[in-house]
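Quick notes on the structure that follows.
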Amino acid sequence: MFSRTNGQGLSLAVALTASLVMGGTAAASTINQNTSWTIDRANTTAKYRVVAYGDSIFAGYMGDLWSVAKRAAPYVEGEYLTKDFNADMEVIRRTKSGARADDIYNNKIVYERSYMQATNTRVVMFEMCGNDYLQARSAFTDQTGTCSYAGLDTALANCTTYMEKAMQAINTYATTAKAKIIMNVYYPGYNADNVLTNCTDSATGTKVNKQSKFLPYLAKSNWRACSLAAKYGFQCADSFADYMGADYDSNGDGQIDSAALRYIPGETEASYVTRITSTLRSTIRDGNTHFANSSTSFDYIQSDNTHPTYYGGTVGTGSGTSTPTFTDSQILSGKNPEWNKTGHERAGWLMSTMDPTTP
């Protein structure tokens with residue numbers, strides 16, 4: 001079975017205010033897409049808060065400026081918490097589609113810090129850097145003549161700087177949070193990047209395979225995300241592993257591919273990069289075909305080849321209230337029936353495994 005759930009994509013070259021396009025030009029303009037949604041659990045009075053900062057990924061972008069996926073990853077994670085806490089959960093998404101890491105840090109995490117300072121805040125999460133890399137890659141793709149890697153180097157350096165600043169700020173402001181999570185970067189457009197550049201490498205005089213050039217940058221970025229998380233008391237949700245690796249052992253090494261690709265605490269950056277770009281490279285698959293087993297795959301990326309797919313409908317930016325989508329009896333071993341079928345459900349489940357068990 002091949003699933004493409006709600007894969008409606010809008011060409012982001014047309015939607016000028018949208019955030020990402022992996023197969024073509026990354027739009028530089030931005031738009032705030034904020035939501036505040038309460039998951040109202042029956043027969044409860046306590047209400048706790050999840051706060052999510054980021055770009056179009058946590059926003060739940062789905063091709064529209066004023067509507068987003070209701071069950072984006074932060075909402076999914078919040079719904080798991082309603083069961084664990086036996087309480088209502090308020091899921092606050094403060095997101096800016098198209099924003100680079102410095103913008104998210106300055107104008108969301110710091111400027112909008114009051115959302116995580118609420119005394120009922122229990123989980124704070126963030127993701128960033130996708131647009132830094134998209135814009136750098138787009139510029140690199142357009143190069144002719146001799147290749148310059150300066151833009152890619154700058155994107156990695158800026159991402160590293162602002163991931164650390166974000167963690168420091170959240171530690172300062174989110175004093176009642178019991179869990180703090182960073183989600184690292186998956187690689188949408190992985191298959192599409194398996195082509196040669198128009199420019200030539202100065203050392204070899206040959207064109208460069210885009211996928212082979214970009215993958216080490218993302219690997220370094222993801223190692224740094226998880227290493228910084230360990231340094232600052234955060235959990236690291238490894239979306240790269242869970243999106244790009246199959247949920248079975250495809251190469252016969254005795255490990256489930258998605259588990260084998262995950263960051264290993266204490267591993268050096270060099271060792272991790274080698275493991276991702278060489279040792280386990282053959283097990284990395286485009287998120288459009290995420291294999292649950294050897295014969296069943298699901299599409300984790302929308303038709304824009306960038307944003308995660310999602311289960312259920314959409315909501316307008318703003319606020320609202322609804323009951324949980326799934327009953328307690330439908331959540332078995334911490335997984336709802338849709339946990340591995342779309343990108344947002346997978347990311348939300350992944351982060352839920354890092355939640356506190358009590359409020």
Side-chain angles (χ1 to χ4, degrees), residues 4-12 14-22 26-27 29-40 49-80 89-100 103-104 107-109 112 115 123-128 130-131 134 181 183 186 188 237 239 243 287 299-325 336 338 341-351:
R4 176 180 285 276
T5 302
N6 285 337
Q8 59 266 53
L10 177 66
S11 170
L12 302 189
V14 176
L16 295 179
T17 48
S19 59
L20 309 172
V21 130
M22 292 301 295
S29 43
T30 62
I31 186 171
N32 286 301
Q33 291 187 303
N34 301 314
T35 58
S36 174
W37 204 269
T38 297
I39 305 171
D40 185 11
R49 176 178 286 195
V50 172
V51 182
Y53 297 101
D55 53 34
S56 58
I57 304 304
F58 275 180
Y61 182 82
M62 38 62 69
D64 189 275
L65 301 184
W66 314 117
S67 298
V68 293
K70 178 182 178 182
R71 293 183 62 83
Y75 181 99
V76 173
E77 195 263 3
E79 190 169 281
Y80 282 111
M89 292 303 303
E90 186 180 29
V91 181
I92 308 292
R93 290 184 250 172
R94 306 303 299 181
T95 55
K96 192 173 186 180
S97 290
R100 293 185 303 207
D103 195 353
I104 294 169
N107 295 312
K108 287 298 178 181
I109 292 173
E112 298 186 0
Y115 292 95
V123 178
V124 178
M125 63 184 70
F126 78 98
E127 51 81 21
M128 57 172 52
N131 290 298
L134 288 172
I181 303 169
M183 191 175 85
Y186 61 92
S239 70
Y243 275 44
D299 193 343
Y300 278 14
I301 310 295
Q302 293 180 38
S303 58
D304 64 8
N305 212 20
T306 301
H307 296 93
T309 49
Y310 57 96
Y311 173 76
T314 62
V315 295
T317 54
S319 61
T321 301
S322 61
T323 58
T325 304
N336 71 40
E338 300 292 323
K341 297 178 183 179
T342 62
H344 276 299
E345 290 292 329
R346 182 58 175 253
W349 166 79
L350 178 61
M351 291 187 290

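These values consider heavy atoms only, across backbone and side chains, with no hydrogens, waters or symmetry-generated copies.
- Atom-to-atom distance recorded for N34:CG and Y53:OH is 10.0 Å, nearest 0.5 angstrom.
- Considering only heavy atoms from C-beta on, T342 stays 4.5 Å or farther from P308 through its side chain.
- Exactly one residue among F58, W37, F126 makes a side-chain contact (heavy atoms from CB on, under 4.5 Å) with P74. That residue is F58.
- Defined by atom type and a distance below 3.5 Å, a donor-acceptor pair is present between the side-chain atoms of S322 and K70.
- Every residue two or more places apart in sequence or in another chain was checked for a salt bridge (charged side-chain N to carboxylate O under 4.0 Å, His left out) with R93, and none qualifies.
- Distance check, rounded to the nearest 0.5 Å: CD1 of I39 to OG1 of T321 gives 10.0 Å.
- With hydrogens and angles ignored, the 3.5 Å screen pairs a side-chain donor or acceptor of T309 with a backbone N or O of D299.
- The closest side-chain heavy-atom distance from D64 to T314 is not below 4.5 Å.
- Of the options Y80, W349, Y311, a side chain to side chain donor-acceptor pair (under 3.5 Å) to N336 is made by Y80 and by none of the others.
- Distance check, rounded to the nearest 0.5 Å: OG1 of T35 to CZ of R94 gives 8.5 Å.
- Contacts of A237 classified as side chain to side chain contact (heavy atoms under 4.5 Å, CB included), with partners at least two apart in sequence or in another chain: I181, M183, L350, M351, M354.
- Residues that satisfy the side chain to side chain contact (heavy atoms under 4.5 Å, CB included) test with S319, not counting sequence neighbours, are S36.
- Remark: E79 pairs with R71 by the salt bridge (charged side-chain N to carboxylate O under 4.0 Å, His left out) rule, at least two apart or across chains.
- Taking K108 as the reference, E112 meet the salt bridge (charged side-chain N to carboxylate O under 4.0 Å, His left out) condition, with sequence neighbours excluded.
- For the residue pair A59 and S97, the shortest heavy atom distance occurs at CB-OG, 4.0 Å.
- Counting only distance, with no hydrogens or angles, the side chain of N32 and the backbone of K96 share no donor-acceptor pair below 3.5 Å.
- A 4.5 Å side-chain heavy-atom check between Y75 and V50 finds every atom pair outside the cut-off.
- In terms of the side-chain hydrogen bond (donor to acceptor under 3.5 Å, both in side chains) criterion, Y243 has no residue partners (sequence neighbours excluded).
- Across H344 and V76, no two heavy atoms sit closer than the pair O-CG2, 4.1 Å.
- Put simply, CG on D103 and CG on N131 are 9.5 Å apart, with the number rounded to the nearest 0.5 Å.
- In this structure, the side chains of V68 and V315 come closer than 4.5 Å at one or more pairs of heavy atoms.
- Considering CD1 of I31 and OG1 of T317, their distance stands at 7.5 Å, rounded to 0.5 Å.
- Once rounded to the nearest 0.5 Å, the distance linking CE of M62 with OH of Y310 reads 4.0 Å.
- Here the closest non-hydrogen pair linking P188 and N305 is CB-O, 3.4 Å.
- Side-chain N or O atoms of D304 include one that pairs as donor or acceptor with a backbone N or O of T306 at under 3.5 Å.
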